[in-house]
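Below, all heavy atoms of this structure are taken into account, side chains as well, without hydrogens, waters or symmetry copies. Sequence lines set the chain letters: A, B, ... in the order given, protein chains first and strands last, and positions in each chain run from 1. The shown structure was predicted, so the numbers you read here are calculated from the model rather than taken from an experiment.
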2 protein chains.
Amino acid sequence: MQNSEALALTAVLLAAAGELTQRINDGVVARGFEGRPAYGFAFTRLSAGGATVTELAAHLGVTKQAASQLVDELVRKGYVERQAHPGDARARLVVLTERGWACTRAAEEAAADAVRPWVELLGESEVRALRDQLARIAPYGPIRPAW
Amino acid sequence: MQNSEALALTAVLLAAAGELTQRINDGVVARGFEGRPAYGFAFTRLSAGGATVTELAAHLGVTKQAASQLVDELVRKGYVERQAHPGDARARLVVLTERGWACTRAAEEAAADAVRPWVELLGESEVRALRDQLARIAPYGPIRPAW
DNA sequence: GCAGATGGTCAAGCAGGTTGACTATATGCT
DNA sequence: AGCATATAGTCAACCTGCTTGACCATCTGC
């Protein structure tokens, strides 16, 4: 594989990811929620039974201070609440509120809408293959692109 | 395709793009250049015969003011220079210097290194297919992810 | 029960972007 | 030709989201 092809791969990955992210966010806003893209990625982590600020920070690829600020924001907007952590008095469990669940569902719908044109263009099996290949490559890296 | 799968696709796209971007930047730095990820994407645009600030802004998905600042930075570090634009006295053509070309080649090498593990895991034809599919999906969007 | 690690927050600072205003040149219309 | 409008670029002010550094409370291992 030529060097310039590798750069092109990166560019197209970024473009695709950016486009999807933007469309999902637009879709969420259109459904009556206010938010920025980071919300959706926080929600996917929180929907698995809640998480601590530190876990969330690792998932998003930011410092725990930044994650804490994000949680403040989400609390203020009524999407999550902080609960006592069972079994660790230092930690606090961040969990979705009812409105948080509603927003999560909205994000999933918006994501499905955003991907639909891809499915129509490439076919469902191809898109799924794409996802699986990418999952093999970047299994559990942080969500946040480095710039 | 289920809704949650669409969100997962976005997450893995972002993770993959972020990982690649980071590794490329690290590779460029390791080769003795100082830079941030945006440089590489600016270079790919400039290597096609130079570009104006406005064209660069569109390519990167930022305002022309932001692009102008980036160019200032690149000039200060000796990677590019501003020339008179032939045929439009308002515009100025931003072109790579010799050092800018060297840095571009370093970025391409670093990109090839970063992609190599993927090629080993999936095979060259698969990676190329991945790139081609993504190119069909997000043909000429701006490079910058929305957050 | 003490030393060091870990979860969380507060405060300050910063990088990289945005919006708004402005100048110089180009383009199109009459 | 001449005027109105659009476009390229820059300057200045500001803002958002993140980082670094310091700190307290609690947990864990010896």
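What separates CD of B/E55 from P of D/dA8 is a distance of 8 Å, to the nearest Å. The nearest whole Å value for the distance from the CG atom in A/D72 to the C1' atom in C/dG7 is 15 Å. Rounding to whole angstrom units, CZ of residue A/R36 and C1' of C/dG17 are separated by 14 Å. Rounded to whole Å, atom C1' of C/dG16 lies 16 Å from atom CZ of B/F41. Following rounding to the nearest Å, B/E73 (CD) and C/dC14 (C1') show an atom-to-atom distance of 14 Å. Rounded to a whole Å, the NZ atom of A/K64 is 12 Å from the C1' atom of D/dA25.
Proximity of B/T54 to the phosphate of D/dG9: a side-chain N or O atom is located under 4.0 Å from OP1 or OP2.
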Enumerate donor-acceptor pairs with a distance under 3.5 Å from any side-chain N or O in residues 40-53 of chain A to protein atoms, sequence neighbours excluded.
residue, atom, partner, partner atom, Å
A/T44, OG1, A/F41, O, 2.8
A/S47, OG, A/F43, O, 3.3
A/S47, OG, A/T44, O, 3.0
A/T52, OG1, A/E55, N, 3.1

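Here B/S68 lies in heavy-atom contact (under 4.0 Å) with sugar-phosphate atoms only. Within the 4.0 angstrom heavy-atom criterion, base atoms lie near B/T63.
Each end of the helix from C/dG1-D/dC30 to C/dT30-D/dA1 gets its own axis, taken as the rotation carrying the C1' atoms of four end pairs onto the next four within a five-pair window, and the two axes meet at 40° to the nearest 10 degrees.
Here the side chain of B/T104 pairs a donor or acceptor atom with the backbone of B/G100 at under 3.5 angstrom.
For the side-chain contact (heavy atoms from CB on, under 4.5 Å) test, residues two or more places apart in sequence or in another chain that qualify with A/E34 are A/K77, A/Y79.
Nearest heavy-atom pair, B/L7 versus A/E108, reported as atom, atom and distance to 0.1 Å: CD1-CG, 3.6 Å.
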Give each protein N/O atom lying under 3.5 Å from an N/O atom of nucleotides 2-4 of chain D, with the pair distance.
none

Table of protein N/O atoms under 3.5 Å from nucleotides 11-13 of chain C N/O atoms:
none

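Near DNA chain C, meaning a heavy atom under 4.0 Å away, the residues from residues 76-97 of chain B are B/D88, B/A89, B/R90.
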